[in-house]
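These values consider heavy atoms only, across backbone and side chains, with no hydrogens, waters or symmetry-generated copies. This one's a predicted model, so the numbers in the text were calculated from it and none came from an experiment. Numbers for residues simply follow the sequence, beginning at 1.
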Amino acid sequence: MMYRLPRHRLLVEHWNRVGVFFQFSTITTENKPSSNTFIIDYLMKKCGLSREKAIKASSRFLHIGSSEKPDSVLRFLKERGFGDSHIRILLSQEPRFLLSKIDKTLKPKFEFLEELGVSRTDIVSLVLKDPNILWRGVDDHLKPSVDFIRTQFGSDLDLPKVLKRSWKLLSLNLYKTIKPHIEVLRSHGVVDKQIQRLFLKNPSFFACNVAVLKNMISRIEKLNVKFRPGMFIYAVCAIGAISVTKFEAKCKVWNSLGWSDEDIVSAFEKVPNILMISEEKIRAVMDFFVNELGFKPKEIPARMFALSLDNRIRPRHEIFKILQKRSGQQGKVNLGAIADISERVFFKRHVAPYMDKIPDLQMYTCQLRNTQSRDEVVSL
C-alpha cells in the first residue's frame with residue numbers, strides 16, 4: 001500500500017513549490033531591463049512627447065519591442081493630414097492609438113467622414129477634439145447617428161457644417177439627447193423649421209442634458225413674459241447664454257440707468273438677445289442716446305441696444321446731422337431709419353439723392369459701406 005502524505009502536508013509542499021516559482025519569476029523580472037525603455041524613446045523621438053508624458057503614456061505599452069506597428073499608424077495619420085503637432089496632441093491624450101488596427105479601427109472612420117463631405121482639415125480637428133470618435137463603430141453607431149440627424153432635421157441639412165460646430169454629436173447617444181429637446185421645444189410652440197434652424201446654428205444646444213433646457217424655460221416662465229409667435233426660441237437661447245448671477249447684475253445696470261424691472265422684461269419680450277449685450281455696451285448706447293441725442297432712458301427702443309453703435313448707429317446719425325444742417329431742420333433723429341432699414345434702402349433713401357449736392361456725405365458713405373453687414377453690399 002502506497003503511503004500518502006496527509007492533506008495538510010500536500011498543501012504545504014504545493015505552496016512551497018509555487019513560492020519558489022514566484023520568487024524565481026520576481027528575481028528574473030527585476031533583473032530584466034525595463035520593457036518600457038523602447039517605447040519611451042519612441043514616443044519622445046518619433047512622436048514629440050516630453051519625457052514626462054512619454055513615461056506616463058508608456059504604461060499603455062507593456063509588450064512592444066518593435067516600431068513596425070506604431071510606424072504604420074504614424075504614416076497613416078500623416079497621409080490623412082496630421083502634422084507633427086497634431087500627432088503629439090493626439091498621443092498625449094490617447095497614446096493607445098499608436099497600436100490601433102489601421103484597416104479595422106482607423107481607416108473606416110476616416111473614410112466614413114470623408115464620404116459625409118467633411119474635409120481632411122476638419123477631420124483632424126474632430127479627432128483632436130474628440131479622439132473617442134475613432135473607437136466608435138461605423139455600422140453600429142456613426143451611421144445610425146447620421147441617419148437620426150437627417151431624419152429629425154432634414155436630409156438636406158449641411159451635416160459637415162453641423163459637425164464642425166459640435167464634434168461631440170457623433171460620440172453621443174443622439175436618441176437619448178436630441179429627441180427629448182425636440183419634444184420639449186415642440187410642447188412650447190416652437191415649430192420644426194425653427195428647431196432645424198437652431199440645430200444648424202447651435203447644435204451644442206441639443207447636446208446638453210435636457211434638464212438644462214427645462215431649467216432655461218423655467219427661468220423664462222418666472223419672468224412672466226409674453227412673446228410674439230416665433231420669439232420663444234430666441235428667448236431660450238438668450239437666457240441659456242447668461243447665468244442667473246450675470247442676469248441680475250445686468251438688471252442692476254439697467255436700473256441704475258433709468259429702466260425699471262418692467263422696462264427690462266418688456267425689452268426682453270421684444271428683443272430677447274438684449275440679455276447677451278455686455279454691460280459696457282449697455283452703458284455706451286445709453287450714454288449716446290441720452291447725453292448726445294437728448295433721449296430719456298425710457299424712450300430708447302430695445303432694438304437700439306442690439307445694433308452696433310460704431311458700425312451702424314453713429315455713422316447714420318452723422319449723415320442725418322449733415323442733412324439737417326443742410327436743410328436747416330432740427331429735431332430728434334429718425335430712429336426707424338437708424339435701426340430698421342437695410343443699408344441698401346438707407347443709402348437709396350437718405351444718401352444717394354444728396355451726394356452731388358453735399359460732398360461731406362462721401363466720407364460717411366464710405367464708412368457705411370465698409371462697416372455694414374457683408375450680406376448687404378451697396379453699389380455706389
Review point. Quick one: side-chain hydrogen bond (donor to acceptor under 3.5 Å, both in side chains) pairs with a partner in residues 191-208, sequence neighbours left out?
Key: Ser166-Ser204, Arg186-Asp192

Point to revise | Under the salt bridge (charged side-chain N to carboxylate O under 4.0 Å, His left out) test, residues paired with Arg96 that sit two or more places apart | key: Glu94

Exercise for review: Verify, without hydrogens or angle tests, whether Ser218 (side chain) and Lys214 (backbone) share a donor-acceptor contact under 3.5 angstrom.
Suggested key: no

Point to revise | Under the side chain to side chain contact (heavy atoms under 4.5 Å, CB included) test, residues paired with Asn215 that sit two or more places apart | key: Arg219

Review point. What distance separates Ile182 CD1 from Ser187 OG, expressed to the nearest 0.5 Å?
Key: 12.0 Å

Exercise for review: Could you tell me which residues satisfy side-chain hydrogen bond (donor to acceptor under 3.5 Å, both in side chains) with Arg80, sequence neighbours excluded, listed by chain and number?
Suggested key: none

Review point. For the side chain of Lys161 and the backbone of Leu200, is there at least one donor-acceptor N/O pair under 3.5 Å apart?
Key: no

Practice item. Give, for atom CD1 of Ile40 and atom CD1 of Ile55, the distance between the pair rounded to the nearest 0.5 Å. Key: 5.0 Å

Point to revise | Partners meeting ring pair (Phe, Tyr, Trp, His ring centres under 6.0 Å) with Phe205 (sequence neighbours left out) | key: none

**Study point:** Lys104: side-chain hydrogen bond (donor to acceptor under 3.5 Å, both in side chains) partners, not counting sequence neighbours
**Key:** none

Exercise for review: Could you pull out all residues at least two apart from Glu79 that satisfy side chain to side chain contact (heavy atoms under 4.5 Å, CB included)?
Suggested key: Arg75

Review point. Quick one: does Val127's side chain get under 4.5 Å of Leu77's, heavy atoms only?
Key: no

Study note, to complete from the structure: Rounding to 0.5 Å, atoms OG (Ser67) and CG (Asp41) come to a distance of 12.0 Å

**Study point:** Short side-chain to backbone donor-acceptor contact, Lys46 and Asp71, under 3.5 Å
**Key:** no

Practice item. Could you list the residues that satisfy side chain to side chain contact (heavy atoms under 4.5 Å, CB included) with Pro144, not counting sequence neighbours? Key: none

Exercise for review: Could you tell me whether a side-chain N or O of Lys321 sits under 3.5 Å from a main-chain N or O of His317, the two making a donor and an acceptor?
Suggested key: no

**Study point:** Ala267: side chain to side chain contact (heavy atoms under 4.5 Å, CB included) partners, not counting sequence neighbours
**Key:** Trp259, Ile274, Ala302

Exercise for review: Indicate the atoms forming the closest heavy-atom contact of Gln93 with Leu128, along with that distance.
Suggested key: NE2-O, 3.2 Å

Review point. Can you tell if the side chain of Arg136 reaches within under 4.5 Å of the side chain of Leu170, non-hydrogen atoms only?
Key: no

Review point. Can you tell me how far the NZ atom of Lys357 sits from the OH atom of Tyr354, to the nearest 0.5 Å?
Key: 8.0 Å

Point to revise | Smallest separation among heavy atoms of Ile282 and Phe305, with atom names | key: O-CE2, 3.7 Å

Review point. Which residue pairs satisfy the side-chain hydrogen bond (donor to acceptor under 3.5 Å, both in side chains) criterion with at least one member in residues 170-183, sequence neighbours excluded?
Key: Asp130-Ser171

Exercise for review: Could you pull out all residues at least two apart from Asn209 that satisfy side-chain hydrogen bond (donor to acceptor under 3.5 Å, both in side chains)?
Suggested key: none

Review point. Relative to each other, are the rings of His350 and Phe346 parallel, tilted or perpendicular (30° and 60° limits)?
Key: tilted

Exercise for review: Please answer whether the main-chain N or O of Asp263 pairs with a side-chain N or O of Ser266 as donor and acceptor at a distance below 3.5 Å.
Suggested key: no

Check your understanding: Looking at SG of Cys251 and CZ of Phe268, how far apart are the two atoms once the value is rounded to the nearest 0.5 Å?
Key -> 10.0 Å

Review point. So do Cys47 and Leu74 actually touch side chain to side chain, heavy atoms under 4.5 Å?
Key: yes

Point to revise | Hphob cluster co-occupancy, Met231 + Met276, side-chain heavy atoms under 4.5 angstrom | key: no

Review point. Does the His141 side chain pair with the main chain of Ile133, one donor and one acceptor, at a distance under 3.5 Å?
Key: no

Exercise for review: Output the distance between atom CZ (Phe153) and atom CD1 (Ile195), rounded to the nearest 0.5 Å.
Suggested key: 7.5 Å

Exercise for review: May I ask you to say whether Glu292 pairs ionically with Arg314, meaning some side-chain N is under 4.0 Å from a carboxylate O?
Suggested key: yes

Check your understanding: Is any NZ, NE, NH1 or NH2 atom of the basic residue among Lys226 and Glu269 found under 4.0 Å from an Asp or Glu carboxylate oxygen of the other?
Key -> no

Check your understanding: So if you build clusters from Ile, Leu, Val, Met, Phe, Trp, Tyr with side-chain heavy-atom gaps below 4.5 Å, do Leu157 and Val191 land together?
Key -> no

Review point. Would you call Asp84-Lys78 a salt bridge at under 4.0 Å N-O?
Key: yes

**Study point:** Donor-acceptor under 3.5 Å (Lys53 side chain, Arg88 main chain)
**Key:** no

Point to revise | Non-hydrogen side-chain atoms of Trp167 and Val118 separated by less than 4.5 Å | key: yes

Check your understanding: What heavy-atom pair brings Met44 and Ala54 nearest, and what distance separates the two atoms?
Key -> CG-CB, 3.6 Å

Check your understanding: Excluding sequence neighbours, so at least two apart, what forms side-chain hydrogen bond (donor to acceptor under 3.5 Å, both in side chains) with Ser92?
Key -> none

